[in-house]
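Take a look at the structure below.
The figures here come from the full heavy-atom set of this structure, side chains too, leaving out hydrogens, waters and symmetry mates.
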2 protein chains.
Amino acid sequence: MLTIGKLGEAARVKVPTIRYYEQIGLLPEAERSAGNQRLYGRKAMERLAFIRHARDLGFTLEAIRDLLSLSDIPDQSCAAADAIARAQLAEVESRLARLTALKAELERMVVQCAGGKIADCRVIEVLGDHSLCATDHRHPETELAQ
Amino acid sequence: MLTIGKLGEAARVKVPTIRYYEQIGLLPEAERSAGNQRLYGRKAMERLAFIRHARDLGFTLEAIRDLLSLSDIPDQSCAAADAIARAQLAEVESRLARLTALKAELERMVVQCAGGKIADCRVIEVLGDHSLCATDHRHPETELAQ
DNA sequence: CCTTGAAGCTATAGTTGCTAGAGACATTAA
DNA sequence: TTAATGTCTCTAGCAACTATAGCTTCAAGG
């Protein structure tokens with residue numbers, strides 16, 4: 001049995017984050033030692049690794065909650081899991097496209113900044129004047145996911 | 001003079017967001033009409049467009065605050081503005097690299113999911129087993145910016 | 001056996017960048 | 001004039017943590 005610190009180290013998840021996951025019901029309530037400290041076994045370790053990995057891949061905690069509940073009924077079709085993954089893929093692709101455009105614009109800005117005075121600074125100028133911008137901002141609903 | 005609604009429409013920024021920017025000091029306190037409604041002129045419009053554009057490019061409000069205060073002293077060197085933009089570019093580049101890797105892994109997951117039962121589902125399996133993962137996760141400090 | 005320092009506990013509040021709601025007042029068009 | 005829309009303030013909520021305070025428990029060294 002691992003204490004919360006060891007578990008966090010093994011799964012590379014911070015201790016308060018583990019407690020937070022328990023609080024929101026993503027991890028079951030842990031067993032406790034005589035002195036009221038949390039103890040974890042292999043199952044908890046695997047579940048946490050799953051969560052960590054899915055977070056790395058950009059899944060929201062809600063999506064992870066769904067995936068975890070799916071994995072609890074192994075006889076069901078995996079169409080739902082596939083759908084969640086596909087949705088995630090689509091989101092990643094759209095973020096990629098957006099970031100690629102941003103990169104191009106930032107590069108233009110930076111390259112053009114010759115190191116003069118603020119009054120002539122391209123960075124400030126480009127930010128101030130939307131018409132100098134190459135990116136298509138006609139769809140304000142596709143905000144950049146930060 | 002524009003009311004807050006017209007300003008928001010023109011700059012494509014939502015009304016509560018404008019009030020929020022005023023509250024945190026990114027926009028100066030607006031003039032008021034006889035009936036206590038905010039009124040905006042060209043200067044406020046330009047400042048808001050600057051903010052909007054910088055947000056589109058992924059700058060944090062803190063970075064924008066810095067850029068705005070830089071632009072208030074036009075005789076100063078633009079090195080600081082350049083540095084902020086370069087930092088932003090570096091961040092975008094690292095997010096891009098990370099997202100590209102994620103995309104590859106999600107694609108592998110989705111392609112391999114043949115539509116069987118959960119028990120054999122690659123999506124669940126890949127998420128559960130870190131060793132099946134092609135992405136390099138040895139640097140937990142480079143978290144995915146969401 | 002005792003002490004000391006690290007690690008654990010709970011509970012609360014803060015972070016970023018907004019967004020939503022309630023209830024009251026202002027403005028505009030029919 | 002009246003109804004609809006817009007604006008006002010204030011408070012609370014969202015994701016996904018992170019930090020702080022003040023306490024208890026545990027493991028190792030002397």
From B/Val13, B/Ile18, B/Leu39, residue fulfilling side chain to side chain contact (heavy atoms under 4.5 Å, CB included) relative to B/Ile4: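 The residue from B/Val13, B/Ile18, B/Leu39 that satisfies side chain to side chain contact (heavy atoms under 4.5 Å, CB included) with B/Ile4 turns out to be B/Ile18.
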For A/Ile84, the option from A/Leu89, A/Leu70, A/Ile64 that meets side chain to side chain contact (heavy atoms under 4.5 Å, CB included):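 Passing option: A/Leu70.
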Sugar-phosphate, base or nothing in reach of B/Arg19, heavy atoms under 4.0 Å: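 Base, at least one base atom sits under 4.0 Å.
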Take the protein atom [atom1] of [X] and the nucleotide atom [atom2] of [N], then report the distance between them rounded to whole Å.
X: B/Tyr40; N: D/dT7; atom1: OH; atom2: C1'; answer: 11 Å
X: A/Ile24; N: D/dT18; atom1: CD1; atom2: C1'; answer: 14 Å
X: B/Arg52; N: C/dG17; atom1: CZ; atom2: C1'; answer: 14 Å
X: B/Leu2; N: D/dT7; atom1: CG; atom2: C1'; answer: 15 Å
X: B/Asn36; N: D/dC8; atom1: CG; atom2: C1'; answer: 7 Å
X: B/Asp56; N: C/dG17; atom1: CG; atom2: C1'; answer: 14 Å
X: B/Ile4; N: C/dT27; atom1: CD1; atom2: P; answer: 15 Å
X: B/Glu22; N: D/dT7; atom1: CD; atom2: P; answer: 14 Å

Which residue lies more 5' along DNA chain C, comparing B/Lys14 with B/Ser33 via nearest heavy atoms: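 This one resolves to B/Lys14.
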N or O in side chain of [X] less than 4.0 angstrom from [N] OP1/OP2:
X: B/Tyr21; N: C/dG17; result: no
X: A/Arg65; N: D/dA15; result: no
X: A/Arg55; N: D/dC17; result: yes
X: B/Arg38; N: D/dT7; result: no
X: A/Tyr20; N: D/dA15; result: no
X: A/Thr3; N: C/dG8; result: yes

Of B/Gln23 and B/Val15, the one whose closest DNA chain D nucleotide lies more 5':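 Here B/Val15 is the residue nearer the 5' end.
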Position toward the 5' end of DNA chain D (nearest nucleotide), B/Leu39 or A/Leu61: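 Here B/Leu39 is the residue nearer the 5' end.
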Hey, does [Y] have a side-chain heavy atom less than 4.5 Å from the side chain of [X]?
X: A/Leu61; Y: A/Arg65; value: no
X: A/Glu105; Y: B/His53; value: yes
X: A/Gln37; Y: A/Arg32; value: no

Nucleotide nearest B/Arg32 (side chain, heavy atoms from C-beta), chosen from C/dC9, D/dA16, D/dC8: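 Of the options given, the side chain of B/Arg32 lies nearest D/dC8.
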